[in-house]
Amino acid sequence: MAEARRTIDLLWFDEPASRRGRKKGLTVAQVVDAAITLADDEGLDAVSMRRVAQELGVVPMTLYTYVPDKAALLDLMLDAVYLRMSREGSADASWRERLAAVAEDNRLLFAQHPWAAGIAQSRPPLGPGLMAKYEHELRAFAGTGLDDVETDSALTFLLGFVRASARAAADAQAAAERSARSDQEWWAENGPLLAKVFDPAAYPTAVRVGAAAGAELGAAFDPGHAYAFGLERVLDGLGVLIERRSSAARQ
């Protein structure tokens, strides 16, 4: 409970930098920014209390006077990037356009900070960044006719899709970097061999569909196409629920 209270204090109030043992001029915000930069440059695995302290030029024990542990630091990092997100929107836009904008804002967040998609959300940081993000995104459902629980569930569904898409895109990028070859180069090299292995008589549907998709996308997996196609299907699905609620309200 004490650790949770300390994290909440840091998220909402930020303790003054006057505690004994603190380096003059260092703030919680500087600690968080250093950790974010490290995660952006080297990935979440690179973030440790020791490494962040090294980046700031202080001994690790000094860092603990600002942030109690790594779990709290991750909460602060995530809330900080949430707070910096765009909050633009148009009241004249349709619900579908508003939700697509919410999805795009989150896609851009994960593109700028890929590590954010890898942090578990079972207990999200209940800080000002998250609350501003949540408030803005819930308002995108205005006029849809969904009740409060449905609105929260629909938003969770939408953001879950974006998060999964971001992680799939990151995995594809990492695989491409490890192989030092693009998907197009890999398929050009291995395509003739695979054509001999994949027997159209044994796998007629897989060969036909796989060939068509590969020819269209130029790869086995295209993150951009997967995101665009999936988002449309997510919105289609929510549209069915919204139309059902609208029809019930009209009766």
Side-chain angles (χ1 to χ4, degrees), residues 29 32-47 51-52 55 73-90 93 96-122 124-125 127-141 154-186 213 216-238:
V32 173
D33 284 344
I36 290 172
T37 298
L38 184 59
D40 288 346
D41 292 343
E42 302 183 30
L44 200 59
D45 289 342
V47 178
R51 180 66 189 281
V52 174
E55 294 295 312
L73 179 58
L74 293 180
D75 282 346
L76 293 167
M77 292 166 59
L78 197 57
D79 201 69
V81 296
Y82 284 165
L83 195 59
R84 299 165 189 170
M85 289 179 69
S86 170
R87 308 268 185 250
E88 297 180 5
S90 173
R96 194 177 182 104
E97 292 170 329
R98 295 196 302 269
L99 296 191
V102 166
E104 181 64 12
D105 287 344
N106 281 270
R107 189 189 70 81
L108 290 175
L109 170 75
F110 294 136
Q112 295 166 356
H113 308 288
W115 53 269
I119 296 180
Q121 291 292 285
S122 57
L130 174 67
M131 294 308 295
K133 179 178 185 292
Y134 188 46
E135 176 71 20
H136 172 73
E137 292 170 350
L138 289 174
R139 289 182 179 180
F141 289 86
L155 177 58
T156 299
F157 177 50
L158 176 65
L159 298 185
F161 160 74
V162 179
R163 179 180 298 274
S165 295
R167 297 186 71 168
D171 288 344
Q173 178 64 29
E177 291 174 354
R178 286 194 301 270
S179 68
R181 288 178 295 176
S182 68
D183 282 348
Q184 289 82 359
E185 291 171 334
W186 190 92
E216 177 69 22
L217 304 177
F221 176 67
D222 182 326
H225 171 81
Y227 172 79
F229 181 87
L231 178 60
E232 289 300 305
R233 304 296 76 75
V234 168
L235 296 178
D236 287 345
L238 292 176

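Computed from a predicted structure; not experimentally measured. Index from 1, following the sequence.
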Tell me the closest heavy-atom pair linking [X] and [Y], and the distance in Å.
{"X": "E42", "Y": "R51", "value": "OE2-NH2, 2.7 Å"}
{"X": "L38", "Y": "A46", "value": "CD2-O, 3.5 Å"}
{"X": "V32", "Y": "A80", "value": "CG1-CB, 3.9 Å"}
{"X": "R87", "Y": "H136", "value": "O-CE1, 3.0 Å"}
{"X": "V52", "Y": "A34", "value": "CG1-CB, 4.3 Å"}
{"X": "R84", "Y": "I36", "value": "NH1-CD1, 3.8 Å"}

Is the shortest side-chain heavy-atom distance between [X] and [Y] below 4.5 Å?
{"X": "M77", "Y": "L74", "value": "yes"}
{"X": "M85", "Y": "N106", "value": "yes"}
{"X": "W115", "Y": "D45", "value": "no"}

To the nearest 0.5 angstrom, please state how far the [atom1] atom of [X] sits from the [atom2] atom of [Y].
{"X": "Y227", "Y": "E232", "atom1": "OH", "atom2": "CD", "result": "9.5 Å"}
{"X": "K133", "Y": "L155", "atom1": "NZ", "atom2": "CG", "result": "7.0 Å"}
{"X": "E135", "Y": "L130", "atom1": "CD", "atom2": "CG", "result": "11.5 Å"}
{"X": "L99", "Y": "E137", "atom1": "CG", "atom2": "CD", "result": "10.0 Å"}
{"X": "L73", "Y": "L78", "atom1": "CG", "atom2": "CG", "result": "11.0 Å"}

Can I get a per-line list of side-chain donor-acceptor pairs under 3.5 Å for residues 157-167, giving both atom names and the distance, sequence neighbours left out?
| unit_1 | atom_1 | unit_2 | atom_2 | d |
| --- | --- | --- | --- | --- |
| R163 | NH1 | A116 | O | 3.1 |
| R163 | NH1 | A117 | O | 3.2 |
| S165 | OG | F161 | O | 3.0 |

Please step through side-chain contact (heavy atoms from CB on, under 4.5 Å) for the pair L231 and L235, ending with a clear verdict.
CA-CA 6 Å; L231 178 60; L235 296 178; 4.1 Å; yes
Exceeds 12 heavy-atom contacts within 6.0 angstrom, atom CG of D236:
yes
State whether the number of non-hydrogen atoms from other residues, nucleotides or ligands found under 6.0 Å of M131 atom CE is greater than 12.
no
